Amino acid sequence: MAVFNVKNICDSTRTKLKETTAKMELFLNQHSLSLLNVENDPAMDEFYRGYLQDTRHLLVFCEVAYEKLGVSLRRPTFNVDFSEKVLYEVYHTCVNTFFYPKNECYSEDGRYAYTGQDAIRFRKKPSREVRDLTIELSKVFEELREDLSYYETDYITQRRMQGEKV
């Protein structure tokens, strides 16, 4: 990939990560388990506990990637190899963590992806705030997935063909 293109992808990815971290941080600062599960339903307690845990992990992954992209963009000489490794990490940690959360509180239903409807399906019916945050984040992570699709498999294939250890 050309230096200019990689640099632009780094810049746009960093901007999108900043947006997602701000949304997650605001949500996590304003919502607790007891605030979300006002009915004290044990099943919903488990659901929200898992959702909050997954959101905290995703926030950390996104913050780390945001910082690494910042380092990449601030270097006096733009390092394409380092930047591509960071973009690969963004795809495999941030994007995949969003679409495949450990606690499986929601999942993506690909049948809805092309209909204009929300493709996110929740395991339990969440509060409006949880639903809204997840749908908002899904739009940004869908963009990131499209922007970084090269780093899903093609990047590794190219590196292996060049004889590099990944």
Side-chain angles (χ1 to χ4, degrees), residues 1-31 51-121 129-166:
M1 272 195 171
V3 173
F4 181 72
N5 191 27
V6 173
K7 195 170 190 174
N8 284 342
I9 294 171
C10 284
D11 194 42
S12 70
T13 299
R14 189 167 189 262
T15 300
K16 289 172 184 166
L17 289 175
K18 183 177 184 175
E19 177 186 337
T20 60
T21 57
K23 288 177 183 183
M24 286 186 281
E25 202 169 311
L26 181 65
F27 177 85
L28 290 169
N29 286 338
Q30 293 179 345
H31 296 84
Y51 183 85
L52 290 170
Q53 181 184 50
D54 287 343
T55 304
R56 285 190 296 269
H57 283 116
L58 181 60
L59 175 61
V60 170
F61 293 149
C62 289
E63 286 175 334
V64 168
Y66 175 82
E67 290 302 319
K68 285 183 177 181
L69 286 167
V71 167
S72 174
L73 290 165
R74 285 190 303 270
R75 286 188 168 171
T77 304
F78 187 75
N79 184 326
V80 175
D81 288 340
F82 175 79
S83 299
E84 286 197 312
K85 283 180 183 174
V86 174
L87 291 171
Y88 174 84
E89 288 175 21
V90 171
Y91 187 92
H92 288 276
T93 57
C94 303
V95 174
N96 282 344
T97 297
F98 176 79
F99 285 109
Y100 306 103
K102 178 182 173 189
N103 291 294
E104 300 178 343
C105 295
Y106 62 86
S107 61
E108 180 183 34
D109 188 338
R111 295 175 292 184
Y112 292 95
Y114 304 104
T115 64
Q117 295 178 319
D118 296 325
I120 300 296
R121 297 289 173 248
E129 298 91 353
V130 166
R131 184 190 175 288
D132 289 350
L133 173 69
T134 308
I135 299 305
E136 273 185 67
L137 293 177
S138 75
K139 289 173 176 42
V140 179
F141 281 105
E142 281 175 27
E143 288 176 20
L144 282 170
R145 182 168 56 188
E146 286 175 24
D147 295 348
L148 303 175
S149 62
Y150 168 76
Y151 297 97
E152 181 181 14
T153 55
D154 296 346
Y155 169 74
I156 291 298
T157 303
Q158 179 186 359
R159 291 291 182 228
R160 285 189 179 134
M161 287 173 52
Q162 293 172 351
E164 292 182 24
K165 190 173 182 178
V166 186

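Keep in mind the model is a prediction, meaning the values are calculated, not measured.
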Exercise. To the nearest 0.5 angstrom, please state how far the SG atom of Cys105 sits from the CG atom of Leu52.
Key: 8.5 Å

Exercise. Provide the closest heavy-atom pair for Arg121 versus Asp109 in the form atom of the first, atom of the second, distance.
Key: CG-CB, 3.8 Å

Exercise. Please name the pair of heavy atoms, one in Val140 and one in Glu19, separated by the smallest distance, quoted to 0.1 Å.
Key: CG2-OE2, 3.3 Å

Quiz item: Considering residues, nucleotides and ligands other than Lys23, do more than 12 of their heavy atoms fall under 6.0 Å from its NZ?
Solution: yes

Quiz prompt | side-chain contact (heavy atoms from CB on, under 4.5 Å) assessment of Leu137 paired with Phe27 | solution = CA-CA 12 Å; Leu137 293 177; Phe27 177 85; over 6 Å; no

Self-check item: Trace of the side chain to side chain donor-acceptor pair (under 3.5 Å) decision for Tyr106 with Ser138
Solution: CA-CA 11 Å; Tyr106 62 86; Ser138 75; over 6 Å; no

Quiz item: If you count the non-hydrogen atoms of other residues, nucleotides and ligands that lie under 6.0 Å from OH in Tyr100, is the total more than 12?
Solution: no

Quiz prompt | Partner of Phe98 by side-chain contact (heavy atoms from CB on, under 4.5 Å), out of Thr134, Asp54, Thr20 | solution = Thr134

Practice problem: Carefully, step by step, assess Tyr66 and Thr13 under the rule side-chain contact (heavy atoms from CB on, under 4.5 Å). | Solution: CA-CA 8 Å; Tyr66 175 82; Thr13 299; over 6 Å; no

Exercise. Determine the minimum heavy-atom distance between Val86 and Ala65, stating which atoms define it.
Key: CG1-O, 4.3 Å

Quiz item: Which heavy atom of Cys62 sits nearest a heavy atom of Met24, and at what distance?
Solution: SG-CE, 4.0 Å

Quiz item: Taking only residues at least two apart or on different chains, which pairs with a member in residues 55-64 satisfy side-chain hydrogen bond (donor to acceptor under 3.5 Å, both in side chains)?
Solution: none

Quiz item: Is the count of non-hydrogen atoms from other residues, nucleotides or ligands lying under 6.0 Å from Gln53 atom CD greater than 12?
Solution: yes

Practice problem: Evaluate the criterion side-chain contact (heavy atoms from CB on, under 4.5 Å) for residue pair Tyr150 and Ile9; output intermediate values, then yes/no. | Solution: CA-CA 11 Å; Tyr150 168 76; Ile9 294 171; over 6 Å; no

Quiz prompt | Straight-line distance of Leu73 CG to Asn79 CG, nearest 0.5 Å | solution = 11.5 Å

Quiz item: To the nearest 0.5 Å, how far apart are CG in Leu144 and CD in Glu146?
Solution: 10.0 Å

Quiz prompt | With sequence neighbours excluded, residues passing side chain to side chain contact (heavy atoms under 4.5 Å, CB included) with Leu26 | solution = Gln30

Self-check item: Pairs satisfying salt bridge (charged side-chain N to carboxylate O under 4.0 Å, His left out), at least one member in residues 65-76, at least two apart
Solution: Lys68-Glu89

Quiz item: Roughly how far, to the nearest 0.5 Å, is the CG atom of Asp11 from the CG atom of Leu69?
Solution: 9.0 Å

Quiz item: Who are the side chain to side chain contact (heavy atoms under 4.5 Å, CB included) partners of Thr97, not counting sequence neighbours?
Solution: Leu58, Phe61

Exercise. Look at the rings of His92 and Tyr88 and say which category their plane angle falls in: under 30° parallel, 30 to 60° tilted, over 60° perpendicular.
Key: tilted

Quiz item: Should Lys16 and Asp147 be marked as a side-chain contact (heavy atoms from CB on, under 4.5 Å) after you check the CA-CA gap, both sets of side-chain angles, and the distance that decides it?
Solution: CA-CA 11 Å; Lys16 289 172 184 166; Asp147 295 348; 2.4 Å; yes

Self-check item: For Phe99, side chain to side chain contact (heavy atoms under 4.5 Å, CB included) partners two or more places apart
Solution: Val95, Glu108, Phe141, Glu142, Arg145

Quiz item: With Arg131, which residues qualify under side chain to side chain contact (heavy atoms under 4.5 Å, CB included), at least two apart?
Solution: Asp118, Phe122, Pro126, Arg128, Ile135

Exercise. Identify the two heavy atoms, one from Tyr151 and one from Glu84, that lie closest to each other, and give their separation to 0.1 Å.
Key: OH-OE2, 3.2 Å

